[in-house]
Amino acid sequence: KVQDWVLDRNNAARVAFTMDMKTGMARFMYRGSDTGPFKPLREWDEQLKDVVMPVGFAPDNKSMYVASNIGRDTMAFFRFDPETNTLGELIYGDDRYDVYTLPLLGDRGGGSIIFSGSEEDPGKILGVSYTAGLPKTVWLDEEAKRTQATLDAALPAGNVNTWNPRQRRTLVRSYSSTDPGRFFIFDRDKRTLEDTGISLARWIDPKQMRPMEYVTWSAPDGRRIGGYLTLPASYAPGKPVPLILHPHGGPWARDSWGFNREVQFMANRGFAVLQPNFRGSIGYGTAHLKASYKQWGDSMIDDMIAGVEWAVKEGYADKNRLAVYGASYGGYATLMSLVKRPDLFKWGVNYVGVSDMIVHQDTQPAQRFGDFGARLAKIINGDQKTDREMFERTSPARHVSKIQAPVFHAYGGEDVNVDIENGRVIRAAFDRAGKTQEWMFVADEAHGYRLDKNVFEYYKRFDAFMKKYTPRAN
């Protein structure tokens with residue numbers, strides 16, 4: 001199936017990126033003209049060896065730009081000759097981070113190449129932008145570097161300031177982890193910066209928000225894990241605060257630096273928030289992604305717990321006031337963390353989380369009926385027939401007796417990603433084991449609540465729950 005098209009300079013579809021979920025094969029398809037047949041240039045499977053992702057056509061309408069991990073672990077930008085199927089000059093790469101998304105599930109995108117767009121030299125590459133630990137733009141053009149330095153000096157320190165180098169008079173977005181973003185107009189010739197008065201969330205006072213910092217720690221097997229730590233206003237060196245481990249969903253996604261309403265909500269209540277980009281998180285190279293295969297409840301969880309232990313050791317977190325909260329895979333990680341380390345956490349919030357690996361395989365439409373379940377899901381998630389012991393060992397609902405902390409579960413009746421059967425199973429397991437739990441179910445909501453009345457109720461109950469079960473400081 002075609003996942004995406006790449007148009008040439010005449011807006012003709014001459015490249016297709018295809019993905020066959022049944023076989024796990026992805027292909028870079030190309031044709032030399034807008035009427036010729038497509039032929040495969042490159043292909044790869046879930047092992048992600050020698051990936052070549054089409055990005056765009058060069059101004060000559062013949063050569064291309066691609067992203068590839070050939071000869072390296074991370075995806076980098078290269079020049080490419082589709083007629084000879086030859087990878088050319090390296091444009092830019094980062095040895096730690098992907099500049100373009102590895103297409104495990106057919107994704108295409110991520111970073112971008114920035115061109116001049118001028119009539120004199122439209123194909124001149126000015127720079128590249130991508131997500132590292134923080135959003136990053138690397139300017140290869142000296143004038144663009146100077147303009148960026150001017151904007152960075154004029155706007156609040158620490159803000160990310162994005163603009164259009166193809167325009168002499170350009171809109172600037174300035175944002176940070178405490179400010180969703182404000183807009184300015186910069187005249188590059190007059191060297192003037194005008195505040196438009198437009199803000200993405202004018203009701204947010206950045207001074208009352210808490211900054212997010214990029215941090216790293218080591219997993220038990222030595223793998224370097226990155227993530228984000230937000231500290232509440234009550235934190236001071238030598239005075240550790242309660243901490244919430246907050247794993248993202250996916251799991252083949254990632255957390256990124258920027259304004260996050262949930263994180264600010266938790267920090268406002270006096271909690272530090274740790275968001276781990278555990279193995280399987282995208283953006284950290286091929287090995288980091290592949291290290292997650294069949295590791296839902298094993299090393300992926302170990303990566304997260306190592307982050308909590310790091311935060312305690314560094315003096316950020318009070319070891320007696322730790323909690324865990326996540327949604328989707330993050331909900332699963334919440335439950336599994338409580339199973340693996342019942343001594344560590346005082347409470348957990350499981351929001352639309354997978355609770356049983358067998359139930360998930362049997363009820364998720366993408367696995368039960370879709371091509372994803374035919375092969376790829378069994379390789380990266382596992383399969384109840386060939387991995388029965390792993391599925392039973394890493395299904396939190398089958399180990400509720402080990403959980404010591406109270407848990408707030410929240411589910412939607414129309415969820416087709418994590419079926420409500422996961423909620424029924426975990427609720428029943430808590431009841432049988434006599435464990436403390438709270439329950440929220442909305443029949444006409446799906447994978448996360450969207451209606452205001454339900455969103456407000458959920459966070460109101462979340463707020464009360466964490467206040468109730470977080471111990472007072474000694």
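Everything quoted here is computed from the prediction, not taken from an experiment.
Residues Asn277 and Asp255 have side chains that never bring a donor and an acceptor to within less than 3.5 angstrom of each other. Tyr284 and Asp98 share no donor-acceptor pair across their side chains, judged by distance under 3.5 Å alone.
Annotation: ring-ring contact (aromatic ring centres under 6.0 Å, His included) contacts involving residues 137-190, sequence neighbours excluded, comprise Trp139-Trp163. Sorted by first and then second residue, the ring-ring contact (aromatic ring centres under 6.0 Å, His included) pairs with a member in residues 221-240 read Tyr214-Tyr228, Tyr235-Tyr316; sequence neighbours excluded. The salt bridge (Lys or Arg N to Asp or Glu O under 4.0 Å) pairs that include a residue from residues 263-287 are Asp221-Arg279, Arg269-Asp463, Arg279-Asp303, where partners are two or more places apart or lie in different chains.
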Side-chain atoms of residues 238-251: list all donor-acceptor pairs with protein atoms under 3.5 Å, sequence neighbours left out, distances to 0.1 Å.
from, atom 1, to, atom 2, distance (Å)
His246, ND1, Tyr325, O, 2.8
His246, NE2, Glu262, OE1, 3.4
His248, NE2, Ser281, OG, 2.8

Using atom types as modelled, flag every donor-acceptor pair under 3.5 Å from a side chain in residues 87-94 to any protein atom, sequence neighbours excluded.
from, atom 1, to, atom 2, distance (Å)
Glu89, OE1, Arg79, NE, 3.1
Tyr92, OH, Tyr130, OH, 3.2
Asp94, OD1, Arg96, N, 2.8
Asp94, OD1, Tyr97, N, 3.3
Asp94, OD2, Tyr130, OH, 2.6

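A salt bridge links Asp141 with Lys124; the closest basic N to acidic carboxylate O contact falls under 4.0 Å.
The salt bridge (charged side-chain N to carboxylate O under 4.0 Å, His left out) test applied to Lys313 returns no partner, not counting sequence neighbours. Among residues two or more places apart in sequence or in another chain, the side-chain contact (heavy atoms from CB on, under 4.5 Å) test is passed with Ala149 by none. Remark: Arg27 engages Thr18, Met25, Met29, Pro40, Glu43 in a side-chain contact (heavy atoms from CB on, under 4.5 Å) (not counting sequence neighbours). In terms of the salt bridge (charged side-chain N to carboxylate O under 4.0 Å, His left out) criterion, Asp415 has no residue partners (sequence neighbours excluded). Residues passing the salt bridge (charged side-chain N to carboxylate O under 4.0 Å, His left out) test with Arg72 are Asp95, sequence neighbours excluded. Partners of Asp50 according to the side-chain contact (heavy atoms from CB on, under 4.5 Å) rule, which considers only residues two or more places apart in sequence or in another chain, are Ile70. With sequence neighbours excluded, the residues satisfying salt bridge (charged side-chain N to carboxylate O under 4.0 Å, His left out) with Lys340 are Asp302.
In this pair, Trp296 and His360 present their aromatic rings tilted. The plane angle is within the 30 to 60° band.
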